[in-house]
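Below: one structure, written as C-alpha cells.
As the structure is a prediction and not an experimental result, all values here were calculated from the model. Remember, it's 1-based here, ligands and their atoms both numbered in the order they're listed.
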Amino acid sequence: MHELSIAEGLLEVVNETIKTHHLSQVSRIKLKVGLLTAVVPEALEFCFQTLVKNTPLENTKLDIEIVPVRGKCKGCGEEFLYESNDDFCFLCPKCGQEIEILTGRDLIIEEIEGEEEKDENTSS
Ligand SMILES: [Zn+2]
C-alpha cells in the first residue's frame, strides 16, 4: 500500500522534528498532498493512526489538504487547473503540445505543531 510507506516517511520526519525542537508532544501535522500523488487522504490518515497507536503521537491530528494540479502548456502557454485526477490530461486540449506540471506532484509537510519541553526536563 502506497499510503503506508508515505505514513512511515512522515513519521520519520516528525520524530526528527521532535528531536531537533525538543518537543514534548505534537498536536497537529499539516500536510499538503498533490492530486497527482494519488494519495487517498482517508487511507493515509488510517495508516498514520495505526503507526502511532500506543506511542506519544497517538493524539496527533493529521490535517490533509489536497493541492489541485496546475499545468501550463509548453506550446501556447495556456494554464490549466485540475481538481480531480479524472480530468487530467498531459496534452494541451487546444494545441496538442505537452503540458508542464507546476503544482500537484508533491507531498509537503507544511507545519508540525507541537509543544516544547519545559526547561526543567532538559537536564535528564
Ligand atoms: Zn497549448
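In terms of heavy-atom proximity, Q97 sits nearest to C73 at CB-SG, 3.8 Å.
Atom CD of residue E79 and atom CD1 of residue I99 lie 11.0 Å apart, to the nearest 0.5 angstrom. Atoms CG and CG, on L107 and L10 in that order, are 7.5 Å from each other to the nearest 0.5 Å.
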Only pairs under 3.5 Å count here: list side-chain donor-acceptor contacts from residues 40-50, not counting sequence neighbours, and write none if there are none.
unit_1 : atom_1 : unit_2 : atom_2 : d
T50    : OG1    : F46    : O      : 2.7

Please report, to 0.1 Å, the donor-acceptor pairs under 3.5 Å made by any side chain of residues 109-116, with sequence neighbours excluded.
unit_1 : atom_1 : unit_2 : atom_2 : d
E110   : OE2    : K32    : NZ     : 3.4
E113   : OE2    : R28    : NE     : 3.3
E113   : OE2    : R28    : NH2    : 2.8

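Partners of E100 under the side chain to side chain donor-acceptor pair (under 3.5 Å) rule, at least two apart in sequence or in another chain, do not exist in this structure.
Within the sub-2.8 Å shell of the Zn ion (ligand 1), the protein contributes these N/O/S atoms: C73 SG, C76 SG, C92 SG, C95 SG.
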